[in-house]
Protein chains: 2
Amino acid sequence: MANVEPDEAAVCTAMGDILNRIGDKWSVMVVGRLKGGTMRFSELRRAIDGVSQRMLTLTLRNLERDGLVTRTVYAEIPPRVEYTLTEMGCTLTGPIGALWDWAAEHQDQVAQARAVYDRAQAGAEEPERRRA
Amino acid sequence: MANVEPDEAAVCTAMGDILNRIGDKWSVMVVGRLKGGTMRFSELRRAIDGVSQRMLTLTLRNLERDGLVTRTVYAEIPPRVEYTLTEMGCTLTGPIGALWDWAAEHQDQVAQARAVYDRAQAGAEEPERRRA
DNA sequence: CCGAATCCTTAACGATACTG
DNA sequence: CAGTATCGTTAAGGATTCGG
């Protein structure tokens, strides 16, 4: 151990883990919103659009478990629960932002590539039309 | 239209698309390997470890459809098929690299956070042990 | 060698209803 | 308001088999 390289295989596994968190449909949205500061549950729910209560809860639990957000419960009536990015969570906004920018910058190109590909496939699957 | 901001909602949708591609367990590995240059199907299969033939095929098809890799078939016996990153595919390696580095840098911290969280949960679920 | 097709098992996810 | 529990649907992924 104590090698200079932090072990390729281990990083691969970790990468898979991270991507499972990042890739799970809602985590990025949550982190994106929380980037602006503390928010409470129902705020997030309204802000994100399309997320079910269940999935928001699960997403937040996972992020909390990974040490990316902190969850603060206030013993009030009605209850209030606030979520904030941890320091580590903040460091994730960098890489996520890079991905976000890439998406914004290339979405048209991707859409166009898909259209071309799909048209080619449609054409290839109906060779009977070759002389219609 | 023609707003200065490229439409928040559209970018959100695009982001979801991108993440579905990036997040799907194998795409990142493939792009990571292809970063080093052209590779053929069986090379990728061996290099990636754990990927089934089916999933590698599907992953490559999706990447090709999105215009991120090119697929070149050589009419030989036995057949040979090579995959290369497109120019757009290369631009993705930047953001992906950032994520990769983050994972490498924070994997220990995440693992530790998980251990702490899980231990706390285990303790909270067995209050009967409070006086054993 | 590359990949399409089939089958099967497991999750992810959403909708709903209920609790403190 | 925030969260848990349950149920049903869908889709992802793996193993296997066949074909060019």
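As a basis for the values below, the full set of heavy atoms in this structure was taken, side chains included, without hydrogen atoms, waters or symmetry mates. Chain identifiers are assigned alphabetically (A, B, ...) following the order of the sequence lines, protein sequences preceding nucleic acid strands; residue numbering begins at 1 within each chain. Every value quoted in this text rests on a predicted model; they were computed, and no experiment measured them.
Side chain to side chain, A:Asp24 and A:Ser27 meet the donor-acceptor criterion of an N or O pair below 3.5 Å.
Between the CG atom in A:Leu68 and the CD atom in B:Gln109 there is a gap of 9.0 Å [rounded to 0.5 Å]. To the nearest 0.5 Å, atom CZ of residue B:Arg65 and atom CG of residue B:Leu58 are 12.5 Å apart.
One finds a salt bridge joining B:Glu82 and B:Arg80 here, because a Lys/Arg side-chain nitrogen approaches an Asp/Glu carboxylate oxygen to under 4.0 Å. Under the 4.0 Å criterion applied to side-chain N and carboxylate O atoms, A:Asp17 and B:Arg114 are assigned as salt-bridge partners.
The shortest non-hydrogen separation linking B:Arg40 to B:Pro79 is NH2-O, 3.5 Å. Looking at every heavy atom in both residues, B:Val28 comes nearest to B:Ile22 through CG2-O, 3.3 Å. Nearest heavy-atom pair, B:Trp26 versus B:Thr59, reported as atom, atom and distance to 0.1 Å: CB-OG1, 3.6 Å. B:Leu85 approaches B:Val31 most closely through the heavy-atom pair CD1-O, 4.1 Å.
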Under the criterion side chain to side chain donor-acceptor pair (under 3.5 Å), I'd like the reasoning laid out for B:Thr38 against B:Thr84: C-alpha separation, chi angles, the key distance, then a yes or no.
CA-CA 5 Å; B:Thr38 298; B:Thr84 315; 3.0 Å; yes
Take nucleotides 1-16 of chain C nucleotide by nucleotide from the 5' end and write B, S or -, depending on whether a protein heavy atom sits under 4.0 Å from the base, only from the sugar-phosphate, or from neither.
BBBB-B------BBB-
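Helix-axis bend for the helix from C:dC1-D:dG20 to C:dG20-D:dC1: the local axis fitted to the five terminal pairs at one end deviates from that at the other end by 40°, rounded to 10°.
Protein chain B contacts DNA chain D over a range whose 5' and 3' limits, counting nucleotides with an atom under 4.0 angstrom from a non-hydrogen atom, are D:dG13 to D:dG20.
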